[in-house]
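First comes the structure, then the notes that go with it.
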2 protein chains.
Amino acid sequence: MANIQQVAEKAGVSVATVSRVLNHAASVSTKTRLKVENAIKELNYEPSMLGRNLRNSESRLLLVLLPSISNPFYTEIINGIQNTAIANSYNILLCETDSNPQRENIYFNMIKNKLADGVISMDPTVNRQKLTELAESHPVILCSEYDEGGSVPFVTIDSELAAYQAVKHLIRLGNKKIALINSDEKFLYARQRRSGYERALKEFDLPIREEWIYHTRDLEFQNGVQAMRMLLELEEKPTAVFAVSDTLAIGALKGINGSGLHVPNDLAIIGFDNISFSNMTNPTLTTVSQPMYKMGVTAANMLIMSIKGEQVESVVLDHDLIIRESTMG
Amino acid sequence: MANIQQVAEKAGVSVATVSRVLNHAASVSTKTRLKVENAIKELNYEPSMLGRNLRNSESRLLLVLLPSISNPFYTEIINGIQNTAIANSYNILLCETDSNPQRENIYFNMIKNKLADGVISMDPTVNRQKLTELAESHPVILCSEYDEGGSVPFVTIDSELAAYQAVKHLIRLGNKKIALINSDEKFLYARQRRSGYERALKEFDLPIREEWIYHTRDLEFQNGVQAMRMLLELEEKPTAVFAVSDTLAIGALKGINGSGLHVPNDLAIIGFDNISFSNMTNPTLTTVSQPMYKMGVTAANMLIMSIKGEQVESVVLDHDLIIRESTMG
DNA sequence: ATGAAAGCGCTAACAT
DNA sequence: ATGTTAGCGCTTTCAT
């Protein structure tokens, strides 16, 4: 791979002139520019990002941290981030952390080392301490999951309210025994959604029964299947289920198969996220729709502002309840 | 962010010595090492990958190109790549190309510019010309989709054979009218799977009817829904459908809803890929299982060998037919 | 065992 | 309009 030096020699000019041509500086004569451009072509030269970044302390690369690409929830968010980034001449790199702090650390280092200009983290288990530390001197935005009372700017929705509304919808349909399939409450969103669930029940004087609250380890389908099977083994079975993620709700739907129960007649189900698959199930899934694309766009814009040195404020976006077959009893 | 110079000053040694400590060189006295390590801690110093990479022409970063993260097919492959990479002290960066050549080009440049040491491409629409050119001087491996007769090493399965076996399974169940939901035949795998489909039909003297071969634009669920609706509008409806991707097959399953037809009694369906969803549908989906994790591991190993300068040979892995409810008529 | 200095590829300030 | 040169942060050769 040729370097700028060789191009300069071939064109019979200085490296500075080559650099000027590369950066479209005005002060180069057409004749010289042509010579340089020819040399570039002949040598098949491409400028080294490494040298350039080292010099400029800028990479125009953004990092996007996500726990796992297997959850379709992230797909649309990433589209939003990607489109916004590209519109601003940035590129994004997706980093799957598996919620592993060590792996996270590697990516944090890429930021510290100027290999990327900023980071959007969607990892709920991110090491708060390290992240806050990083955010002190580097552009960081949290997306979806965030740090309550923390100093890092975030974009998210009101999970408590969304859960409250979802459960209220179930209550209005006449359900009095409503179960919750929650994920691990170490996640903020899990605590918030539980809180919304309880607020709705309390408001209608319905009992909050621990046996109707199931906690899953992960958000995979299989966790939802498992959760539903447990609920169906109870003496007093719920007549409705609110799952904090579509993947869990879809698993729950599967878990009902073979039990003889009918959704929604015997059991109503609501999910959360409105992933594309939630419209493919049979019955289709009622769910809370997060504005995922917009969330991505917003996060990317916030990050780019932050890179420019501007102050950014956290944002809470609106959600919607999408009513489909699984609650049309 | 402190640099090596400041660490050296603080520790009262030269930058060379700091570098030695950083790289665990043997020839540093314990006393000096301690001084340096203290300085590093006090200054919160982290070595710059940029400076290091520029000097070493090595980044220990691998690029993984994929058209879209929305297809769950890639999930397990990426796990395989990631684990293998980490076991060899490499990190991976996921690059979503949206099958956009311009975007691809950006990532190719990262390779040329030594920002990453090699690339695994899973993008079927990748620009063959540019890729082959890149592969002449940089480590490149193709995964899943490949270039027939090309010079770039690949890891894949025998799509023709898999399709042949899938269709034969349908024939053995007594089906004589078998439709194909294919993707765009600009993709090699699409041509291969069609070829396997036709081979099976011919072998049993069944007619190949153009109206039973539907081509979709993308691999989204919705494309499968659409395809199935078209097939159900035909005067002579098929009794079985082979879809070249699980996402399409799942969409097809959805497209049948409301038609009054029963799967598998009236219509058998086979998909391809064995994505995790395929076991969540109702009925569960018969499908061809690609060894995705192994594919990822193999691709990563090949790439790492290639980076080391070793010659690598292309690999064709085995597949399996997973029989589930959608063909248990 | 340690230090001085060159150089990886590039940009920009300064000089002409 | 173009050239000279310093320097971004690091590693490594060559001295000592």
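By convention in this document, chain letters (A, B, ...) are assigned in the order of the sequence lines, proteins followed by strands, and residues within each chain are numbered from 1. Treat the numbers as computed from the prediction; the structure is a model and nothing was measured.
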Heavy-atom distance under 4.5 Å between the side chains of [X] and [Y], does that happen here?
X        : Y        : result
A/Lys114 : A/Leu54  : no
A/Tyr293 : A/Pro291 : no
A/Ile81  : A/Val297 : no
A/Leu65  : A/Phe108 : yes

Round to a whole Å and report the spacing from [atom1] of [X] to [atom2] of [N].
X       : N      : atom1 : atom2 : value
A/Leu22 : C/dC10 : CG    : P     : 7 Å
A/Arg52 : C/dC8  : CZ    : C1'   : 16 Å
B/Gln5  : C/dA6  : CD    : C1'   : 15 Å

Using a 4.0 Å heavy-atom cut-off, does [X] contact any base of the nucleic acid, only the sugar-phosphate backbone, or nothing at all?
X       : result
B/Val13 : sugar-phosphate
B/Leu50 : nothing
B/Thr17 : sugar-phosphate

Below 3.5 Å between N/O atoms, which protein atoms pair up with nucleotides 12-16 of chain C? Just atom names and distances, please.
residue: C/dA12; atom: O4'; partner: A/Arg55; partner atom: NH2; Å: 3.3

Completion exercise
CG of A/Leu94 to CD1 of A/Ile69, rounded to nearest 0.5 Å, is 8.0 Å
Exercise for the section: Mind listing the residues from residues 28-46 of chain A sitting with a heavy atom below 4.0 Å of DNA chain D? Number order is fine. Expected result: A/Val28, A/Ser29, A/Thr32
Charged N-O contact under 4.0 Å between [X] and [Y]:
X        : Y        : answer
B/Glu58  : B/Arg60  : yes
A/Lys10  : A/Glu42  : yes
A/Arg217 : A/Asp184 : no

Completion exercise
Axis-to-axis angle across the helix from C/dA1-D/dT16 to C/dT16-D/dA1, five pairs each end, nearest 10 degrees, ~ 40°
Handout entry: Outermost DNA chain D nucleotides near chain B [under 4.0 Å, heavy atoms]
Key = D/dG9 to D/dT13
Problem - Contacts of type side-chain contact (heavy atoms from CB on, under 4.5 Å), residue A/Thr32, not counting sequence neighbours - result: A/Val13, A/Thr17, A/Val28, A/Ser29, A/Val36
Exercise for the section: Taking all heavy atoms of B/Leu115 and all of B/Ser59, pick out the closest pair and write down the distance. Expected result: O-OG, 3.3 Å
Problem - Under 3.5 Å: donor-acceptor pair, side chain of A/Asn113, backbone of A/Asn109 - result: yes
Practice task
Keeping the roles fixed (side chain from A/Ser19, backbone from A/Val15), state whether a donor-acceptor pair exists under 3.5 Å.
Solution key: no
Problem - Pairs satisfying side-chain hydrogen bond (donor to acceptor under 3.5 Å, both in side chains), at least one member in residues 139-154 of chain A, at least two apart - result: A/Tyr146-A/Gln192
